[in-house]
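Working notes for the structure below.
Computed over heavy atoms, backbone and side chain alike; hydrogens, waters and symmetry mates excluded. Sequential numbering from 1 along the given sequence is applied to the chain's residues. Model, not experiment: these values are computed from the prediction.
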Amino acid sequence: MTCTSSFRLTAAVLLLSTAAVSAAACSPQAPSDSAPSFALTSAEAVVPDDRGVYPLNFIFVAPDSDTIWTDLNGLAFGGFDFAPGEFSVTQGEGTDGYLLGNISVEVAPPDTAVAFDTVELFYDGLTEPRAVEVGSWTIATAPAEEFATVTAAAEVAAIAGCTSANLPVAADVTAATGFTTGVPDVEATSVESLPAEQAIRIGLECTDAADFYIISPSATLTAEGSETAARFAPIAIGYQDIADEDLQRIRSRAG
């Protein structure tokens, strides 16, 4: 695709257009033998140190009878622990009895970066959690003054695919060099300064190592002859346009 997508600021990264499922809505069922199949995300989320929370989404595929819809009563990852009421499970559409799902949770980014590649799922009726692979995640903070603009430090930004995005900069910025995405699976193939739009346009190319990506761009901006290192809000890639082929790819990893 060659179209350009300016990122959207939304209340949540993922909208499944379905109802949230209570994790304790029914009497506990016998836990299934295997865990749902989770999407792999290549993510680095660096947020301003004055940001209260940052939303995370863990996408998965599970049968419509799976106990994750009713009996999930806790999760843990990267030193974070969440009890019922502190996360939500959303059920989406699917095929052949398998449904797309999302566990959404808000985290308070720590002063010291945390990294994780698995999430522990705690169920009613099980004494030990199930660990599921979710890709490669890093969550960190940086001083708020390092971000290019107030808009650049916005809470949530997202684009549908790995194509391109316009990032806001100050009106006097005339060039951007040394652009990085923060993750090895996403490359900036082009960087163009757009002074009239108070933005820089980046072209993006993703590997096929993950299903979704979260990047935390940074660049050196030139304004009035001076150079300044600047950060931009994390950008989630792919969450807004989850196709059936994505569901089938995630499902294929089920053990």
Donor-acceptor contact below 3.5 Å, side chain Asp96 vs main chain Tyr98: no

To the nearest 0.5 angstrom, please state how far the CG atom of Asn166 sits from the CD atom of Glu192. 8.5 Å

Would you compute the distance between atom CG of Asp124 and atom CG of Asn73 and round it to the nearest 0.5 angstrom? 4.5 Å

Can you confirm whether Glu133 is buried at CD, in the sense that more than 12 heavy atoms of other residues, nucleotides or ligands lie under 6.0 Å from that atom? no

Mind running side-chain contact (heavy atoms from CB on, under 4.5 Å) on Leu72 and Thr67 for me, showing each step along the way? CA-CA 7 Å; Leu72 186 66; Thr67 51; over 6 Å; no

Centroid separation Tyr213 to Trp137 less than 6.0 Å: no

Taking Val61 as the starting point, is it possible to reach Val89 by hopping between hydrophobic residues whose side chains are less than 4.5 Å apart? yes

CZ (Phe147) and CZ (Arg51) are apart, to the nearest 0.5 Å, by 8.5 Å

Are any non-hydrogen side-chain atoms of Ile235 and Pro217 less than 4.5 angstrom apart? yes

About how many Å separate CD1 of Ile202 and OG1 of Thr180, when rounded to the nearest 0.5 Å? 10.0 Å

Decide yes or no for Val47 and Pro234: does some side-chain heavy atom of the first lie under 4.5 Å from some side-chain heavy atom of the second? yes

Point-to-point distance, once rounded to the nearest 0.5 Å, from CG of Leu167 to CD of Gln198: 13.5 Å

Donor-acceptor pair, side chain of Ser37 and main chain of Ile250, under 3.5 angstrom: yes

Nearest atoms (heavy-atom pairs only) where Glu44 meets Gly182: OE1-CA, 3.2 Å

Has the side chain of Asp246 got a donor or acceptor atom that lies under 3.5 Å from a matching backbone atom of Ala243? yes

Step through it carefully: locate the ring centre of Phe80, locate the ring centre of Phe116, and say whether they are under 6.0 Å apart. no

Can you tell me if Glu227 and Thr177 form a side-chain donor-acceptor pair at under 3.5 Å? no

Would a line drawn from the ring center of Phe87 to the ring center of Phe82 be shorter than 6.0 Å? no

Spell out, yes or no, whether Tyr123 and Phe60 are grouped together once hydrophobic residues are joined by side-chain heavy atoms under 4.5 Å, including indirect joins. yes

Cation-aromatic face contact Arg253/Phe38, 6.0 Å, 45 degrees: no

Is it true that a side-chain atom of Thr207 and a backbone atom of Ala209 form a donor plus acceptor pair closer than 3.5 Å? yes

Asp49 and Thr141: side chain donor to acceptor below 3.5 Å: no

Does a donor on one side chain and an acceptor on the other come within less than 3.5 Å for Ser136 and Ser42? no

Where Ala175 and Ser193 come nearest, the two heavy atoms and their spacing: N-OG, 3.8 Å

Output, in order, the C-alpha distance, side-chain angles, deciding distance and verdict of side-chain contact (heavy atoms from CB on, under 4.5 Å) for Leu75 and Ile103. CA-CA 10 Å; Leu75 64 148; Ile103 299 175; 4.1 Å; yes

Can you hop from Leu194 to Phe179 via hydrophobic side chains spaced under 4.5 Å? no

Would Asp117 and Phe77 satisfy side-chain contact (heavy atoms from CB on, under 4.5 Å), going step by step from the backbone distance to the final call? CA-CA 8 Å; Asp117 55 17; Phe77 55 88; over 6 Å; no

Check the pair Phe232, Val169 against side-chain contact (heavy atoms from CB on, under 4.5 Å), reporting the backbone distance first and the verdict last. CA-CA 9 Å; Phe232 299 88; Val169 297; 3.9 Å; yes

Side chain proximity check, Asn102 to Tyr239, heavy atoms < 4.5 angstrom: no

Do Ile237 and Ile215 come within less than 4.5 Å of each other through their side chains, counting heavy atoms only? yes

CD1-OG1 distance between Ile214 and Thr138, expressed to the nearest 0.5 angstrom: 10.5 Å

Assess the side chains of Asn57 and Ser104: does a donor N or O sit below 3.5 Å from an acceptor N or O? no

Is Arg249 salt-bridged to Asp208, cutoff N-O under 4.0 Å? no

Flag side-chain contact, heavy atom, 4.5 Å: Val46 against Arg231: yes

Side chains of Val173 and Thr228 in contact at under 4.5 Å (non-hydrogen atoms): no

Kindly work out whether a path of hydrophobic side-chain contacts (I/L/V/M/F/W/Y, heavy atoms less than 4.5 Å apart) joins Val105 to Phe122. no

At their closest point, which heavy atom of Leu204 faces which heavy atom of Ala188, and how far apart are they? CD2-CA, 4.4 Å

Report whether Ile242 and Leu56 are members of the same hydrophobic cluster (ILVMFWY, side-chain heavy atoms less than 4.5 Å apart, transitive linking). yes

Within the 4.5 Å heavy-atom criterion, are Asp244 and Thr95 side-chain neighbours or not? yes

For a quick test of reading the model, state the closest non-hydrogen atom pair linking Pro36 to Ile68 and the distance between them. CG-CD1, 3.7 Å

Measure the shortest side-chain to side-chain distance between Gln91 and Trp69 over non-hydrogen atoms and say whether it is less than 4.5 angstrom. yes

